[in-house]
Undergrad: 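Below: one structure in structure tokens.
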Amino acid sequence: MLFRSMNALDAEFLHLEDGIVHMHIAGACVFDNPPPPIDDIGALVASKLHLIPRYRQRVRLVPFELGRPVWVDDPHFDLRYHLRHTALPAPGDDEAFCRLMGRIMSQPLDRERPLWEAWLVEGLEGGHWALIFKVHHCMLDGIAGVGLLTVVLDLEADTAFGEPQPWEPRAEPPGVLKVLDAWSGLASNALTAARELQRALTDPMAAFRSALANATGAVRFLQRLAPTQPLSIEGSIGPHRVWAHSSASLEDVKTIRSAFGGTVNDVVLAAVAGGYRELLLKRGDDADRAVVRSLVPVSTRRDDGHGVLDNRVSALLCELPVHLSDPVERLKVVHDQMTELKASHISEAAAAVTSIGNLAPPMVIGPLSRIAIRSMHRFGQHSLSTVTTNVPGPQFPLYCLGREMLEYRPFVPISHGLRVGTAILSYKGNLFFGVTGDFETMPDLGVLAAAVPADIEELRDRALARLRKERPHRARADKAR
């Protein structure tokens, strides 16, 4: 096959860009010293490109939008264009790194080339250096991004990389062939849907229950989109970004979970709610009456052995309990809400909508998406306040040319009406928070980044106190038995 069409969700991430919204995701990998030469980074990436062929392909549109955009080989691919090299001015403090990250993320990726960049950044504090991977969201989601990281980096410090495999770009097919392939793809999707319908008819009760669950989930999703009172963290945005980061111990989160119940994700969302409460208070919002509704992506990816880089996500809508000042109460509310949401079939309904989108004519979906984006730009939206994405990362060390990766600092894009978003990724026993904001309206973004780990520390201290108090009671109960 000469090219591959995007699925509906991949294409939607492409349509979302309008010169103000930039739909790339990213991560800053911080390594132990000393930094390697940029040519060595290039040789390492070149040796892995055969494992990630999408990174030598560019996006091409189908004439008259008669099909979704397709991936074709870039005949002018040059790895040197995608590898960038810079250094922080002395002393290379965290403020300088955050400023650099914001500037890099303010620039859209070049649509005429493969949609990714990698930046080697020298001069970080402590002699450290960083690799910033910047990839368009139409290429992959957070889970696939972690998988990509384990492809490019090594599991052992002394791993040697091989020679690049030979590669010749395949010619881009003519427009007529793109249209024919797009419609054959739609026909294939329709045939697959018909087969699923035929299988459903063999068990009509199960099909009815599934349809009812999806309908119920869709209704509940729409109900949760009711407009809220505006906050200062919502509203129009510009094309420039500001970014901050922080970290916390994953062991502390597990201690909190042991003492108060819930999941790791519940604890993280409760701490993020505490961070937003602190930010709202600093900005003069009425946090006690505020409704902060967050989009929470949910992976629908299955380990099918194909390792395809694309987007396979659904979503939940969680109202962060910023009105509560007590962190333990916030955790309980988040846990109860997430338990209810997981049983609400909202994520299943959203996944079903995505599947239906694969059957919809692209010449309808594309223009409608652009109209929606222009409307949000002009009139705003008042249904969502933010986005919070939590991706599990590897709990084992990764290496780049023998240097151990110490931290992974994530980046999530923001869109119209959402002036701030939070990305969380776990790596080697720690949680790393990356907070993205609009440059003009969110200069105090660091308040949120700093407040989240502080909230986790307070929860940990209270969890330890509770566990110490419970320990003698458990010991007496065990002795009595």
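Atoms considered below: every heavy atom in the structure, side chains included; atoms not considered: hydrogens, waters and symmetry mates.
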Undergrad: Run Arg56 and Asp73 through salt bridge (Lys or Arg N to Asp or Glu O under 4.0 Å) and show every step you take.
TA: CA-CA 6 Å; Arg56 286 191 283 216; Asp73 289 347; over 6 Å; no

Undergrad: Is the CD atom of Glu125 crowded by more than 12 outside heavy atoms at less than 6.0 Å?
TA: yes

Undergrad: Is it true that the side chains of His245 and Asp94 contain a donor and an acceptor less than 3.5 Å apart?
TA: yes

Undergrad: Report yes or no: do Thr255 and Asp252 form a side-chain donor-acceptor pair below 3.5 Å?
TA: no

Undergrad: Do any N or O atoms from the side chain of Glu156 and from the backbone of Asp154 form a donor-acceptor pair under 3.5 angstrom?
TA: no

Undergrad: Check for a donor-acceptor pair, side chain of Arg330 on one end and backbone N or O of Leu324 on the other, with a separation under 3.5 Å.
TA: yes

Undergrad: I'd like to know if the side chain of Lys134 and the backbone of Ile104 have a donor-acceptor N/O pair within less than 3.5 Å.
TA: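 Yes: the side chain of Lys134 pairs with the backbone of Ile104.
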
Undergrad: With rounding to the nearest 0.5 Å, note down the distance linking CG in Asn390 to CG in Leu425.
TA: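 If I round to the nearest 0.5 Å, the distance is 8.0 Å.
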
Undergrad: Using only atom types and a distance under 3.5 Å, with no angle test, would you say the side chain of Lys282 pairs donor to acceptor with the backbone of Val447?
TA: no

Undergrad: Can you tell me if Ser249 uses its side chain to pair, donor with acceptor, with the backbone of Glu251 under 3.5 Å?
TA: yes

Undergrad: Hey, are the side chains of Arg277 and Asp288 touching, using non-hydrogen atoms and a 4.5 Å cut-off?
TA: yes

Undergrad: Donor-acceptor check, side chain of Trp243 to backbone of Pro410, threshold 3.5 angstrom: yes or no?
TA: yes

Undergrad: Any side-chain heavy atom of Glu458 within less than 4.5 Å of one from Arg462?
TA: yes

Undergrad: Can you confirm whether Glu117 sits close enough to Leu109 that some side-chain heavy atom of one is under 4.5 Å from a side-chain heavy atom of the other?
TA: yes

Undergrad: NZ of Lys332: more than 12 outside heavy atoms within 6.0 angstrom?
TA: no

Undergrad: Do the ring planes of Tyr427 and Phe432 sit parallel (below 30°), tilted (30 to 60°) or perpendicular (above 60°)?
TA: tilted

Undergrad: Decide yes or no for Arg419 and Glu234: does some side-chain heavy atom of the first lie under 4.5 Å from some side-chain heavy atom of the second?
TA: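 In short, these two side chains do not touch, never coming nearer than 4.5 Å.
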
Undergrad: State, yes or no, whether a side-chain contact exists between Met405 and Leu153 at a heavy-atom distance under 4.5 Å.
TA: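 With C-beta onward as the side chain, the pair touches.
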
Undergrad: Heavy-atom distance under 4.5 Å between the side chains of Glu122 and Leu88, does that happen here?
TA: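 No. Closest side-chain heavy atoms not under 4.5 Å.
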
Undergrad: Do Thr388 and Thr422 meet the criterion of a side-chain donor-acceptor pair at a distance under 3.5 Å?
TA: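 Looking only at side-chain atoms, Thr422 and Thr388 do not form any donor-acceptor pair under 3.5 Å.
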
Undergrad: Give a yes or no on whether the ring-centroid distance for Phe77 and His82 is below 6.0 angstrom.
TA: yes

Undergrad: Judged by modelled atom types alone, do Thr386 and Tyr276 share a side-chain donor-acceptor pair under 3.5 Å?
TA: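 Checked: Thr386/Tyr276 side chains pair up, N/O donor to acceptor below 3.5 Å.
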
Undergrad: What do the steps show when you test Phe260 against His335 for ring-ring contact (aromatic ring centres under 6.0 Å, His included), and what is the final call?
TA: CA-CA 10 Å; Phe260 300 116; His335 173 61; over 10 Å; no

Undergrad: Which is it for Arg403 and Asn33 under the side chain to side chain contact (heavy atoms under 4.5 Å, CB included) test, yes or no, and what are the steps along the way?
TA: CA-CA 7 Å; Arg403 287 83 163 174; Asn33 60 341; over 6 Å; no

Undergrad: Go through Val135 and Leu115 one step at a time and tell me if the side chain to side chain contact (heavy atoms under 4.5 Å, CB included) criterion holds.
TA: CA-CA 6 Å; Val135 185; Leu115 296 173; over 6 Å; no

Undergrad: Hey, what do you get for CE (Met139) to CE (Met6), rounding to the nearest 0.5 Å?
TA: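 Met139 atom CE to Met6 atom CE measures 9.0 Å (nearest 0.5 Å).
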
Undergrad: So, the side chain of Trp119 versus the backbone of His85: is there a donor-acceptor pair under 3.5 Å, distance only?
TA: no

Undergrad: I need the Leu401 CG to Ile41 CD1 distance, nearest 0.5 Å.
TA: 5.0 Å

Undergrad: Kindly give the heavy-atom pair with the smallest separation between Leu316 and Leu341, and that separation in Å.
TA: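 Smallest heavy-atom distance, with atoms named: CD2-O, 4.1 Å.
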
Undergrad: Quick check: closest heavy atoms across Gly421 and Ile414, and the distance to 0.1 Å?
TA: N-CG2, 3.7 Å

Undergrad: Verify the distance criterion only: is there a donor paired with an acceptor across the side chains of Asp266 and Thr263 at less than 3.5 Å?
TA: yes

Undergrad: How long is the gap from CG on Leu331 to CG on Leu269, to the nearest 0.5 Å?
TA: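 Spacing of CG (Leu331) from CG (Leu269) equals 10.0 Å.
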
Undergrad: Looking at side-chain heavy atoms only, is the closest gap between His416 and Val21 below 4.5 Å?
TA: yes

Undergrad: Are the side chain of His22 and the backbone of Ser106 linked by a donor-acceptor contact shorter than 3.5 Å?
TA: yes

Undergrad: Classify the side-chain pair Asp285/Ser232 by whether it contains a donor and acceptor separated by less than 3.5 Å.
TA: yes

Undergrad: Before we go on, tell me: are the rings of Trp116 and His136 under 6.0 Å apart, centre to centre?
TA: no

Undergrad: Determine whether Leu406 and Phe31 make a side-chain contact, defined as any pair of heavy atoms from C-beta on separated by less than 4.5 Å.
TA: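 Heavy-atom side-chain distance check fails, nothing below 4.5 Å.
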
Undergrad: Under 3.5 Å, is there a donor-acceptor pair between the side chain of Gln337 and the main chain of Glu319?
TA: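 Pair found, side chain donor or acceptor close to backbone of Glu319.
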
Undergrad: Please confirm whether the backbone N or O of Gly27 pairs with a side-chain atom of Arg409, one donor and one acceptor, at under 3.5 Å?
TA: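 Not at all, since once roles are kept as given, no pair shorter than 3.5 Å links the two residues.
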
